[in-house]
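Please read the structure below before turning to the comments.
Note that the structure is predicted; figures quoted are calculated from it, not measured. First the proteins, then the strands, lettered A, B, ... as listed; each starts at 1.
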2 protein chains.
Amino acid sequence: MTDELLYANTKTNAGTTGKGERTRARILEAALDLCREHGYEKTTMRAVAKAAGVSLGNAYYYFRSKEHLIQAFYGQTHSDHLEACGPLLEGEQSFRQRLAIVLQTKIDTSMPYHRFAGVLFKTAADPASPLNPFSDASAPVRDESIALFARIIEGSDLRVGKALRPHLPKLLWTYQMGVILFWVHDRSPDCSRTRLLIDTTSKLVSQLVRVAGLPPLRPVLRSVIGLLDDLAPPDDKASGTRR
Amino acid sequence: MTDELLYANTKTNAGTTGKGERTRARILEAALDLCREHGYEKTTMRAVAKAAGVSLGNAYYYFRSKEHLIQAFYGQTHSDHLEACGPLLEGEQSFRQRLAIVLQTKIDTSMPYHRFAGVLFKTAADPASPLNPFSDASAPVRDESIALFARIIEGSDLRVGKALRPHLPKLLWTYQMGVILFWVHDRSPDCSRTRLLIDTTSKLVSQLVRVAGLPPLRPVLRSVIGLLDDLAPPDDKASGTRR
DNA sequence: GTCTATAACCGGATAGAC
DNA sequence: GTCTATCCGGTTATAGAC
């Protein structure tokens, strides 16, 4: 039940010389290698431990469960994503472009793990799992991710109405979750369908946000925002989900 | 790999006197009881077998895996849902009302299983699992479910444009999936948040469908439909997902 | 051929010694 | 921080009963 420090491994322990950190890294690397090669299910903890040159029990000393290894991967691709987005967003002003860049980059950086990304989503969908992206334990990464969407908006030419503004980053994050869900199930070559989905919907979303504040859509916007306010309670911390 | 007959157990074998059918029913009932009481994870196959008065191996004779027990439950609530919707839709003409009825009823009939519905979604989200609602194996139930949404439209006062019509049932089904995902994570008392979500969004969806064909939104509609056509290939059988 | 039971196997997870 | 030994439960193999 105490899952406070789940994301400690998200940090890149580059400079650290602690032996533990190096062992942990070895285990994680072995796990990712094996999963890429054989898939998640066929990668046993025993095999991971052996490949990393440690005992089974030792692997569990560093990672509470097999699924927690996945969360480490989650944090890993998240960092990669952030890093990759930086330069690409640099000169770009168009909201639509910025949005598309972030989403396409998300897919690009996750692509090597497509084969076993399903497992991530599998555990992600379970409300009881601390790995699920709505859980308290996932809050750090989730918040960083939502912050990225806030950055998309801020650095762009987009004008957002006052009522919508506080909700938009989280809405875009949810949209990204939907895209990822599609991607996980996408079997088209090079995930071209997901690319298409992103192209089309990012344009759509951008148009939608632009016209949302205009008179004809005012009442619709109002009811959407009303709903969001009701679902995400005063204390802004959590997403729509309670745990 | 051969998952042809997964849904055989969806039929209600009411009249059948076959001993096997009764044994199967006993196992399923025991499993659902135990899961309701202790949750999915803590319900062991050994306990299910014992409660049903059969041996462990025998339980596996009837259900290929623990997860397949869940799929039986899935088929069960699906039947319940269909049955419950019938009379409620009887006199109703309003599209908005019909939509809300179907969704609320879905929640009502699933409510007893809320505690362990997460597991359903967990396996459902895994693209590799035959239990996932997009898989070929799930096609029968999925198609029935989509057909229900077609019925909502047909029996209503709604006028749908020619371009949108063939896509609408599946779109509404996808919308329902989203609602269910929310519900799975909903911890509010009596899932009042999910109720609220349904109230608000069903109204919204209904408005949206109504105005979708109007001139100002014509280009938007066109691009959405273009996307859907691209994503759901000519052979209409499957959803957007390939397996 | 339909059904049932027993005895393994395998891999995730834990306990406790060093 | 690392190991070995062990548990536990999903799953499978297999043999026999109706």
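Listed candidates were C:dG12, C:dT4, D:dT2. Nearest to the side chain of B:Y61 is C:dT4. Of the candidates C:dC3, C:dA13, D:dT2, C:dC3 carries the atom nearest the B:K19 side chain, counting heavy atoms from C-beta on. In the set C:dT4, C:dA13, D:dG10, the nucleotide with an atom closest to the side chain of B:T44 is D:dG10.
Checked by atom type, the side-chain pair B:D190/B:S192 shows no donor-acceptor distance below 3.5 Å. For the residue pair A:D229 and A:H167, a side-chain donor N or O sits within less than 3.5 Å of a side-chain acceptor on the partner. A donor and an acceptor atom, one from each side chain of B:Q104 and B:D108, are nowhere located under 3.5 Å apart.
With B:S135 contributing its side chain and B:L131 its backbone, the two residues share no donor-acceptor pair below 3.5 Å.
Atom NZ of B:K66 is separated from atom P of C:dC10 by 21 Å (rounded to the nearest Å). C:dA5 atom P lies 15 Å from atom CZ of B:R46, rounded to whole Å. In this entry the distance linking CZ of B:F63 with P of D:dG9 reads 21 Å, nearest Å. A:I70 places its CD1 atom 11 Å from the P atom of C:dG12, with the value rounded to the nearest Å. Atom CZ in A:R26 sits about 12 Å away from atom C1' in D:dG1, given to the nearest Å. Atom OH in B:Y62 sits roughly 19 Å away from atom P in D:dT11 (whole-Å rounding). Following rounding to the nearest Å, A:R64 (CZ) and D:dG1 (P) show an atom-to-atom distance of 15 Å. As rounded to whole Å, 19 Å separates atom P of C:dG12 from atom CE of B:M45.
The stretch residues 49-60 of chain B comes close to DNA chain D through B:L56, B:Y60, each having a heavy atom under 4.0 Å from the strand.
Ring pair A:F134/B:H185: centre-to-centre distance below 6.0 Å.
Remark: A:D199 pairs with no residue by the salt bridge (Lys or Arg N to Asp or Glu O under 4.0 Å) rule, at least two apart or across chains.
Distances shorter than 4.0 Å separate some side-chain N or O of B:T23 from OP1 or OP2 on C:dT4.
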Atom pairs and distances, side-chain donor-acceptor, residues 33-41 of chain A, under 3.5 Å, sequence neighbours left out:
unit_1, atom_1, unit_2, atom_2, d
A:D33, OD1, A:R36, NH2, 2.8
A:R36, NH1, A:Y113, OH, 3.3

